[in-house]
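Ligands are counted one by one from 1 in listed order, and the atoms in each one are counted from 1 as well.
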Amino acid sequence: MDIELIELFPNSIKFILSDVTLAFANAIRRTALAEVPSLTIEDVYVLKNTSPLFDEFIAHRLGLIPLKFDIDALELNFRDECDCGGIGCNLCTVTLTLSKETDAQTSTVVYSSDLISTQAGVEPISSVIPIVKLGPNQALELECMAQLGKGKEHAKWQPVSAMGYQAFPIPTIDKEKCTNCLACIDACYRGVYQKTGDKVQIANPLNCTLCDYCLEVCEPNAITIGKDSTKVIFSFETNGGLDPSTTLTKSGELIIAKIDEFKKTLESTLAEEKES
Ligand SMILES: [Zn+2]
């Protein structure tokens, strides 16, 4: 297996994965979406709310604010596996508080930056996510409990917001058939082809999404789009809570743990079968 990095940003990654099957790529995708944990507000205690929005509406908004955290440094337990029995303690819960009010002359917007975390390193990924607008003489006072969760329980815990892969594209132009009509350049919205002099050339083959629009407009049938079935182009964005490399590493660790568990279960089942 080989990994070739195409691009890496704080919240997104694109790479080529070689010598794998699509099923393996799908295992990574499904594990990252459903099994890699992230931290999100789950319970909200409303102490005072005279804003225009009712409590449940505000709680729903708070649950959708991604929280930045260091998954290894924080060492949080899942609440349902914690020694506290699921009540919530500082080993499984991070508390965030919010308190804002206006006087008779002012109105203001309550933003995610108004959430004050009691745990260092835990904070909303953006300071300007609006929660509610307070008019004159209105107030909002809350205590929020954030906990680890998995995407398979609720989508708000998915650490990635867009994750996909595709077969490795190999677009080619038959120079003998190509009339350089340039129709493929207009048809391809990903900029795979470009005009060089008076000829069409393939400029960005990895941008090809296998949509086949270029094949439809190429009257001389000069273009073919092949696929390398041993390679996939993998790309995804995170919601900002975990960085892309941590998300991938955790995904790999969880797959290995599941395979180890499967191996142990299989060995004990076969041993029991032999004894009987
Ligand atoms: Zn606990």
Side-chain angles (χ1 to χ4, degrees), residues 11 30-49 53-100 110-127 129 131-132 140-161 163 238-262 264-265:
N11 291 337
R30 290 181 63 111
T31 308
L33 280 168
E35 300 279 351
V36 174
S38 69
L39 186 69
T40 302
I41 291 170
E42 172 69 350
D43 297 324
V44 177
Y45 298 98
V46 181
L47 306 175
K48 191 174 186 183
N49 178 17
L53 298 185
F54 49 88
D55 298 353
E56 290 83 352
F57 204 135
I58 292 172
H60 180 253
R61 286 189 167 192
L62 291 164
L64 296 178
I65 295 175
L67 299 175
K68 200 184 289 181
F69 71 110
D70 185 331
I71 194 168
D72 293 317
L74 203 56
E75 291 184 344
L76 270 187
N77 298 330
F78 286 99
R79 199 189 275 187
D80 54 359
E81 297 170 4
C82 187
D83 291 341
C84 69
I87 300 165
C89 67
N90 57 6
L91 295 175
C92 63
T93 306
V94 175
T95 306
L96 298 102
T97 57
L98 189 155
S99 179
K100 202 153 187 177
V110 181
Y111 286 105
S112 48
S113 58
D114 295 310
L115 282 166
I116 310 299
S117 169
T118 54
Q119 177 77 48
V122 175
E123 59 182 6
I125 57 139
S126 166
S127 60
I129 301 172
I131 297 168
V132 62
L140 185 64
E141 198 177 336
L142 313 162
E143 221 174 83
C144 311
M145 306 298 164
Q147 67 180 65
L148 283 183
K150 295 178 180 179
K152 65 184 180 185
E153 294 170 55
H154 192 291
K156 71 177 181 177
W157 276 299
Q158 283 182 1
V160 291
S161 51
M163 191 168 208
T238 70
N239 65 10
L242 293 174
D243 62 72
S245 53
T246 306
T247 308
L248 272 180
T249 308
K250 289 290 162 196
S251 185
E253 287 173 4
L254 286 164
I255 291 173
I256 291 168
K258 275 182 185 290
I259 291 170
D260 282 346
E261 192 185 338
F262 170 72
K264 279 178 194 161
T265 310

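By the neighbour-count criterion of 12 heavy atoms within 6.0 Å, atom CG of D83 is sparsely surrounded, having that number or fewer from other residues, nucleotides or ligands. More than 12 heavy atoms of other residues, nucleotides or ligands sit less than 6.0 Å from atom CZ of R61.
Side-chain contact between L142 and L62 is present, with heavy atoms from C-beta onward closer than 4.5 Å.
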From CA spacing to verdict: side-chain contact (heavy atoms from CB on, under 4.5 Å), T246, V36: CA-CA 10 Å; T246 306; V36 174; over 6 Å; no

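Partners of L33 by side-chain contact (heavy atoms from CB on, under 4.5 Å), not counting sequence neighbours, listed by chain and number: R29, Q158, V160.
Because its NZ or CZ atom is not both nearer than 6.0 Å to the ring centre of Y111 and within 45° of the ring axis, K100 does not count as a cation-pi partner of that residue.
Excluding waters, the count of protein N/O/S atoms less than 2.8 Å from the Zn ion (ligand 1) comes to 4.
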